[in-house]
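Every chain is numbered from 1, with letters handed out A, B, ... down the list of sequences.
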Number of protein chains: 4
Amino acid sequence: MTIQESGTARPAGRPRSEKAEKAIIEATLDLIAEGMGVSELSIEAIAAKAGVGKTTIYRRWSNKEDLVVDALSTLKAPLPPLAGTSVRDDLVSLLDAMRQESGEARSRCVMNIAMGEADRYPRLMERFMKRAVEPRRRAMREVIERGIATGELRADLDVDMGMAIISGAMLWHTKWGPAGDLPADLPSRVVDVALSGMAP
Amino acid sequence: MTIQESGTARPAGRPRSEKAEKAIIEATLDLIAEGMGVSELSIEAIAAKAGVGKTTIYRRWSNKEDLVVDALSTLKAPLPPLAGTSVRDDLVSLLDAMRQESGEARSRCVMNIAMGEADRYPRLMERFMKRAVEPRRRAMREVIERGIATGELRADLDVDMGMAIISGAMLWHTKWGPAGDLPADLPSRVVDVALSGMAP
Amino acid sequence: MTIQESGTARPAGRPRSEKAEKAIIEATLDLIAEGMGVSELSIEAIAAKAGVGKTTIYRRWSNKEDLVVDALSTLKAPLPPLAGTSVRDDLVSLLDAMRQESGEARSRCVMNIAMGEADRYPRLMERFMKRAVEPRRRAMREVIERGIATGELRADLDVDMGMAIISGAMLWHTKWGPAGDLPADLPSRVVDVALSGMAP
Amino acid sequence: MTIQESGTARPAGRPRSEKAEKAIIEATLDLIAEGMGVSELSIEAIAAKAGVGKTTIYRRWSNKEDLVVDALSTLKAPLPPLAGTSVRDDLVSLLDAMRQESGEARSRCVMNIAMGEADRYPRLMERFMKRAVEPRRRAMREVIERGIATGELRADLDVDMGMAIISGAMLWHTKWGPAGDLPADLPSRVVDVALSGMAP
DNA sequence: CAGTAACCGAGACGGTACGTCCCGTCTTCAC
DNA sequence: GTGAAGACGGGACGTACCGTCTCGGTTACTG
């Protein structure tokens with residue numbers, strides 16, 4: 001009649017501190033938000049900022065990439081609820097979530113890394129894509145496919161092309177549009193032009 | 001009695017080796033093309049790859065940014081000639097130039113830097129934008145404005161929005177579209193959808 | 001009505017394991033005998049060698065010095081009985097005890113610590129001197145003073161000088177004499193030369 | 001008709017800084033004199049005190065022992081000139097040199113290391129013995145052997161025993177005699193007792 | 001004989017120093 | 001004057017232990 005029969009027995013010794021773990025993640029995000037790239041990020045700086053020994057970091061993540069993936073994936077806001085009333089409304093909702101995220105330093109740094117360091121840290125990207133980007137892409141894809149099915153969108157529309165035009169327009173404004181925060185009406189304007197076209 | 005009497009007096013001593021200069025630029029571009037970001041790029045690595053002493057580099061460029069700007073600006077392909085027959089044709093020409101560049105590792109790295117390290121190296125970006133990006137944006141802007149004037153495009157079209165939709169769609173395909181090189185008909189398909197819209 | 005009424009009441013809870021205590025002392029001596037100095041000696045190594053948690057050590061000794069003093073003081077052989085027949089015989093007995101001790105690794109390490117780390121660990125030395133060295137010095141001093149009183153030694157002999165010459169000669173042989181164990185006849189030879197002098 | 005034909009051609013590149021080398025040695029000796037043993041001595045501390053990068057140390061000495069040997073062997077005072085008038089005078093000269101050295105912190109640390117860390121750093125000791133200790137021992141051995149030859153010392157005197165008694169007595173006083181500096185007349189008193197013996 | 005308090009091991013904690021690597025600068029000789 | 005070689009001070013790396021702490025579980029006396 002053993003006392004401890006649960007599936008995974010707690011390992012011996014002092015358990016790992018959740019507080020330290022959070023402090024490390026926070027420090028990592030702060031440093032990235034301050035404009036550091038993955039390669040400039042130093043474990044030593046993270047440890048110092050988190051008030052933690054280097055060992056405590058290496059005990060949890062064996063390399064910088066693993067830590068960065070974990071840190072970034074705690075960051076992505078949850079997907080907005082989609083009203084489902086019309087394709088236009090849903091697309092505006094999705095873009096507005098993007099717009100809001102782009103206003104926060106922390107989320108902006110995610111974009112920087114996603115776009116600028118993809119080639120250099122392929123494993124990072126692969127994992128980050130899976131955890132953070134893929135769900136958003138899937139959501140938009142479903143909206144567009146639904147629009148085609150209901151006849152709200154052209155029957156011959158290439159779904160990828162639709163995603164490219166809508167997401168790409170937001171992306172372009174984020175990086176290269178007029179300086180400053182994105183205007184609140186940008187999402188609806190993007191969707192309107194994308195849906196009805198540039199030609200008269 | 002002087003031997004050298006041309007207008008701009010040659011400075012005394014051994015002249016700088018053009019060969020070394022080219023080797024340095026080449027090595028820099030190679031390393032960037034191999035996936036290195038600006039911050040990972042090291043003068044030491046460039047010198048080693050170029051078969052040159054570190055002094056030889058620092059004598060010519062006082063810091064890494066200057067060298068990178070010079071290196072990148074040797075790279076950008078000249079703008080394609082625009083037929084001017086129609087807005088559609090000109091836009092397709094511009095996008096096709098983007099498509100071709102995106103197939104070369106060296107040009108792709110330019111995009112990475114432009115998108116990922118902009119925040120960290122503002123002086124680099126400023127100069128790089130001026131030399132390499134601005135001409136392309138101006139060209140597209142002119143095409144769109146001309147289209148509005150001739151009535152080929154909607155009179156109420158926001159020019160920035162037009163650029164965002166068209167450039168953004170290409171950009172999106174480059175970074176996040178189906179893997180592999182961009183298909184040759186992508187530019188025309190992007191322009192067609194952008195012009196006539198996604199709605200039926 | 002209490003069961004336990006002896007003078008010092010046993011504290012509540014599980015009593016400390018004597019086995020662990022002995023294992024710790026043994027491990028400490030072993031490590032010192034293997035050539036470790038006090039500063040190289042690590043609690044972690046002692047704990048590992050003793051098969052004991054580090055806590056178990058720190059619960060008993062608050063610092064390394066205390067542990068080392070305790071360990072070393074379990075070590076010193078008892079003083080040899082002195083026949084008292086003559087100064088010469090007693091001195092030879094004392095030196096022979098030194099010789100025998102110097103043959104054991106554990107005792108030799110005591111000398112090393114006494115001579116090499118005295119300056120660095122003054123509290124250790126103070127306590128170690130009191131427990132282990134002082135009795136031996138007192139014994140030799142008494143023999144010499146008795147010799148002066150009985151006329152076996154020169155009346156004008158400086159007692160410290162006598163101790164220095166006799167102990168110092170043994171010491172010198174231990175550290176810097178011909179390699180290997182000290183020869184069994186060394187004590188008597190030292191005493192003979194010391195008593196009658198080097199001059200003819 | 002080469003210009004540089006000397007035996008060992010100067011290697012290319014910037015030559016090593018003698019200043020840095022001296023600063024490192026000085027810092028090492030200072031730290032040892034402050035009571036640090038070899039094992040407590042840290043390269044990082046030496047580098048900081050010397051105002052030098054760690055690389056600069058590791059470029060010259062591949063490990064701590066090599067550095068310590070070099071540092072210590074710059075320290076030993078030159079042997080005193082021996083008058084040669086009599087064995088007694090020469091022995092007093094040698095012991096007086098010992099006495100003077102024992103008054104300096106830096107030299108005292110040499111003794112500590114020589115006696116206390118010998119077992120732990122055998123390679124260090126071997127090299128240190130050769131460079132610093134051996135010459136002194138040889139000098140004393142020669143004085144004693146000469147004394148035996150001239151009849152100033154007993155013909156049957158064991159030379160090692162003579163060295164042991166005389167050096168050992170000084171050694172004993174240094175480590176365990178009355179506290180404070182050794183009195184100036186100690187060498188002559190040691191020699192007198194050693195030569196004529198303790199017995200009346 | 002159940003409670004309970006000090007013990008035990010294991011192992012995570014914040015640190016320090018290690019020896020290595022590479023940075024960008026500097027100093028030298030050869031050309 | 002330029003070029004290569006390479007030493008310089010500096011800083012981050014990832015590892016190994018340090019001495020402290022915090023766990024779950026054990027043990028032996030106590031009520």
#### Entry: Upstream residue (5' side of DNA chain E) when A:G53 and D:A45 are each assigned their closest nucleotide
A:G53
### Message
I want to check something: taking the side chain as every heavy atom from C-beta on, are B:L67 and B:N63 in contact at a cut-off of under 4.5 Å?
### Response
no
### Message
Just the rounded figure in Å: distance from C1' of E:dC7 to NZ of C:K19.
### Response
14 Å
### C:R16 CZ - E:dG9 P separation (whole Å)
13 Å
#### Entry: Per C:T56 side chain, nearest of listed nucleotides E:dA17, E:dG9, F:dA12
E:dG9
### Task
Please name all residues satisfying salt bridge (charged side-chain N to carboxylate O under 4.0 Å, His left out) with A:R59, sequence neighbours left out, ordered by chain then number.
none
### Message
Counting only side-chain heavy atoms from C-beta out, which of F:dC13, E:dG11, E:dG14 sits nearest to A:R14?
### Response
E:dG11
### Message
I need the CD-C1' distance between B:E18 and F:dG3, as an integer number of Å.
### Response
16 Å
### Query
Can you tell me how far P of E:dA17 sits from CD1 of D:I57, to the nearest Å?
14 Å
### Query
If only side-chain N and O atoms of A:R59 are considered, is one of them under 4.0 Å from the OP1 or OP2 phosphate oxygen of F:dT15?
no
### Message
I need the CG-C1' distance between B:N63 and E:dT25, as an integer number of Å.
### Response
14 Å
### Task
Find the distance D:E40:CD to E:dC18:C1' and express it as a whole number of Å.
16 Å
#### Entry: B:E44, nearest nucleotide to its side chain (from F:dG3, E:dG24, F:dC21)
E:dG24
### Task
Among F:dA7, F:dG19, E:dC13, find the nucleotide with the atom closest to the side chain of C:K54.
F:dG19
### Query
Within the structure shown, what part of the strands sits under 4.0 Å from B:T55 by heavy-atom distance: base, sugar-phosphate, or nothing?
base
#### Entry: Length of the NZ-C1' vector between C:K64 and F:dC17, whole Å
11 Å
### Summary
By nearest-heavy-atom nucleotide on DNA chain E, the more 5' of D:P15 and C:G51 is C:G51
### Query
Does the distance from a Lys or Arg side-chain N to an Asp or Glu carboxylate O, for C:R60 and C:E21, drop under 4.0 Å?
yes
### Query
Considering only heavy atoms from C-beta outward, does the side chain of A:I43 approach that of A:Y58 to under 4.5 Å?
yes
### Query
If only side-chain N and O atoms of B:R60 are considered, is one of them under 4.0 Å from the OP1 or OP2 phosphate oxygen of F:dG3?
yes
## Note on the structure
From OH of C:Y58 across to P of F:dG19 the rounded distance in Å is 4 Å
### Task
Before accepting this row, confirm whether a basic side-chain N of the pair A:E44/A:K49 lies closer than 4.0 Å to the acidic partner's carboxylate O.
no
